[in-house]
**Student:** 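Pasting in a structure now, in structure tokens, and then I'll have a few things to ask.
Proteins get letters first, then strands, A, B, ... in listed order; numbering begins at 1 in each.
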4 protein chains.
Amino acid sequence: MSKGDETRQFIIERAAPIFNTKGIAATAMSDIMEATKLSKGSTYVHFEDKNELVLEVVDHNMQLLGSKISSAIGKANTAKEKLFAYIDVLRTPTHPPVAGGCPMLNFGMEADDRNEPVKQKVHQAVKVSQKIIADIIRNGIESGEFKPTWDYDEFATIMFAMIEGGQLICRVAGNNSKMSVISNVLHRMIDEQGI
Amino acid sequence: MSKGDETRQFIIERAAPIFNTKGIAATAMSDIMEATKLSKGSTYVHFEDKNELVLEVVDHNMQLLGSKISSAIGKANTAKEKLFAYIDVLRTPTHPPVAGGCPMLNFGMEADDRNEPVKQKVHQAVKVSQKIIADIIRNGIESGEFKPTWDYDEFATIMFAMIEGGQLICRVAGNNSKMSVISNVLHRMIDEQGI
Amino acid sequence: MSKGDETRQFIIERAAPIFNTKGIAATAMSDIMEATKLSKGSTYVHFEDKNELVLEVVDHNMQLLGSKISSAIGKANTAKEKLFAYIDVLRTPTHPPVAGGCPMLNFGMEADDRNEPVKQKVHQAVKVSQKIIADIIRNGIESGEFKPTWDYDEFATIMFAMIEGGQLICRVAGNNSKMSVISNVLHRMIDEQGI
Amino acid sequence: MSKGDETRQFIIERAAPIFNTKGIAATAMSDIMEATKLSKGSTYVHFEDKNELVLEVVDHNMQLLGSKISSAIGKANTAKEKLFAYIDVLRTPTHPPVAGGCPMLNFGMEADDRNEPVKQKVHQAVKVSQKIIADIIRNGIESGEFKPTWDYDEFATIMFAMIEGGQLICRVAGNNSKMSVISNVLHRMIDEQGI
DNA sequence: TATGAATGAGCCTTCATTCAT
DNA sequence: TATGAATGAAGGCTCATTCAT
């Protein structure tokens, strides 16, 4: 990686939690400059404008969340354990795996009406998230862990939705109790499909 | 209602969809001025500052959503129908009952890290929403419509979470297909608890 | 006095210490409204604009100071005691006879370059102040208290100047010690002219 | 001096007479912008806010006055001549050595009740001014020019007070005649202490 | 490539004043 | 006479971005 790319990456990493916490509109380029201790001109050497940085930051946050989930799933052995691991990563919205909370929710809600490129990135991530869940189940069915009748696409959607809804509930509540409820229900639903 | 109160209410009503669509930080007081055709100074006759307007706007959007839901529930006769009606109101996130989408999601995600008063308002609305669902079920149990073993608080939480998660999915997707999936699952779960 | 005149006078009295303390430019009409608990329109019934109120306020503050001085002088019996009384009224700039400090200094310094009418009012008050001192001395000479050779106009000027300069020194110092020095010197100079 | 420091200094120099003439509250940042022909944003590159500029401007005006006095004193050979030179610099308040008039009087009167930092700066300058006078006399006593019995601290205070009071009188009068009177008295008092 | 000075549009808010009621 | 809603210019300040060095 060249010096330039390193700096660019450095900026993205410092900017990522700020944008995810404060929001896109409320984050000023000067916030990024302060966080990176870089000069004004320097930042604009690496990014054409704020929007270009935002797009990279959205990607970065999404990948960070993805890697946390992948890592947790990777450590699990069975399909069921993988699903449990997925849920577990997102079980404490007040102490989220990605600083600022779920980037799909944060950027999705800010971008849905006004920022098509960001919206598309979130859309993609949302689809991938559901696919990851569905794939785990499909593999579980193939390996004889789960009933072959399980509608994995449907479950992926409701599991994903429940978890995201749980993020909202818990973050505004300031505690994670409702996420436990959701986690319990999901565990039960998954257990029911075990063979 | 005095002239002043009328104007104040008028401003809130015009500002509500703008804040819910663009977000708090991205909405300028000049946007409100333009939407109301009032002078800039005039807005400040009725509101101390932007924040006071925002708080009223958050309330307004929440009440608007609440009234749409209440109205739909009111038209239904049985508990089951009431639950279906609730879901139905929120079945088309791309054409939401409140312009800009679910205000709990919009304001909750923008406020969770940086705006305690708004966060508290959303928290309250989230609690009330779950209570409405739980109360319908409790009444349904009392009237013999639903099994007395149904954990209504748990269901209220997961139904609410699923619907909110569904809003995210559909709004970034630009279509409501996943909300249909969620709606179907919820219908099935509700039917299972019928007697 | 009619109701209208009473209200007008009431506004002037409430506004006087505010303008003398904060300054003309820094005092907003809303400050006056708040202090009088009167409505916006009501204030403008009694005064064409801010400037008209300012002129009345300047007069009022000047008269207030004048009356404090007159009253103190009136209680003294001899010319020497009258001079001492004059000095005494102005001996504690941190606790001035007129709230906000000497209005000649306050309004004079703010108005000298930009507000001809106020400047003229201060100019008049400055002249009157010196005349009062000179007149006391002249009477004292006539009554045989002071040496007839005393240049009373000259002394009136330096006594007035010393006192005003003392106000500056003490108000920025936050204590009145230098005013004591000035008072002592003036006492000595006056005593020297006694017969 | 870097480009930035040069511009900063340039802004201070252009702003100094404006603030000293119009007053702090009555001077708008746009006045400074106009006087410097710089953009509004540019001013804020060099100063955090108006207040930071004001503090520099107060210092600048005070130093300007100080240098005029020092220069005049420096050209004089004897202590007596130095005192006369000091008085001479301030003898024409309508054509003051610092545009807008004595900054101690201008800023002191505006700041005494509402701007502690500025008040402190003026307080300091007032103390230094008296010290300069006292030091000249002390040196004059040591060199045998003045009587060793002269209370130089006392005289420094009344000379300073008289001159400042004279500024007030002359600026509102629009002519410097009273300052001549004051100057004459001071000359006489100084002469009396000569050996 | 890196710096930071410079820009000017735009933001929130305040102000003196007017006017319909 | 009194009220307070309405006005729009102006105020202090921030922002994303550009550009000379």
**Student:** Under the criterion side-chain contact (heavy atoms from CB on, under 4.5 Å), I'd like the reasoning laid out for I12(A) against F47(A): C-alpha separation, chi angles, the key distance, then a yes or no.
**Tutor:** CA-CA 10 Å; I12(A) 293 169; F47(A) 301 93; 3.6 Å; yes

**Student:** Given that both pair distances must be under 3.5 Å and the pair must be Watson-Crick or G-U, what runs of three or more consecutive pairs involve DNA chain E?
**Tutor:**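 Expected stems, ordered by start: E:2-21 with F:2-21.
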
**Student:** Nearest to the side chain of H46(D), heavy atoms from C-beta on, is which of dA6(E), dT3(E), dA6(F)?
**Tutor:** dA6(E)

**Student:** Can you tell me how far C1' of dA5(F) sits from CG of L38(B), to the nearest Å?
**Tutor:** 10 Å

**Student:** Indicate the atoms forming the closest heavy-atom contact of L55(A) with P117(A), along with that distance.
**Tutor:**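 Heavy atoms only, the tightest pair is CD2-CB, 3.9 Å.
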
**Student:** Mind calculating the distance between NZ (K37(D)) and P (dA5(E)) to the nearest angstrom?
**Tutor:**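 After rounding, the reported distance stands at 23 Å.
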
**Student:** Distance check needed: dG10(E) C1' versus I32(B) CD1, whole Å only.
**Tutor:** 15 Å

**Student:** Take atom CD1 of I11(C) and atom P of dT1(F), then tell me their distance rounded to the nearest Å.
**Tutor:** 12 Å

**Student:** Is T7(D) close enough to dA6(E) that one of its side-chain N or O atoms is under 4.0 Å from OP1 or OP2 there?
**Tutor:** yes

**Student:** Among L53(C), I32(C), V54(C), which one satisfies side-chain contact (heavy atoms from CB on, under 4.5 Å) with T27(C)?
**Tutor:**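 Going through L53(C), I32(C), V54(C) one by one, the side-chain contact (heavy atoms from CB on, under 4.5 Å) with T27(C) is satisfied by I32(C) alone.
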
**Student:** Measure from CG on D5(B) to C1' on dG4(F) and round the result to the nearest Å.
**Tutor:**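 So the two atoms are 12 Å apart, to the nearest Å.
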
**Student:** Walk along nucleotides 12-19 of chain E from 5' to 3' and tag each nucleotide B, S or - by protein heavy-atom contact under 4.0 Å, base first, then sugar-phosphate.
**Tutor:** SBBSSBB-

**Student:** Return the value, rounded to whole Å, for the distance between atom CZ of F47(A) and atom C1' of dC15(F).
**Tutor:** 19 Å

**Student:** Between P on dA6(F) and CZ on F10(B), what's the gap in Å once rounded to a whole number?
**Tutor:** 10 Å

**Student:** Please determine whether side chain to side chain donor-acceptor pair (under 3.5 Å) holds for the pair Q124(C) and Q120(C), giving the CA-CA distance in whole Å, both sets of side-chain angles, and the decisive distance to 0.1 Å.
**Tutor:** CA-CA 6 Å; Q124(C) 210 52 37; Q120(C) 286 312 322; over 6 Å; no

**Student:** Rounded to the nearest Å, what distance is computed from the CD atom of residue E34(C) to the C1' atom of nucleotide dG4(F)?
**Tutor:** 16 Å

**Student:** Between R171(B) and G100(B), is there a donor-acceptor pair closer than 3.5 Å when you use the side chain of the first and the backbone of the second?
**Tutor:** yes

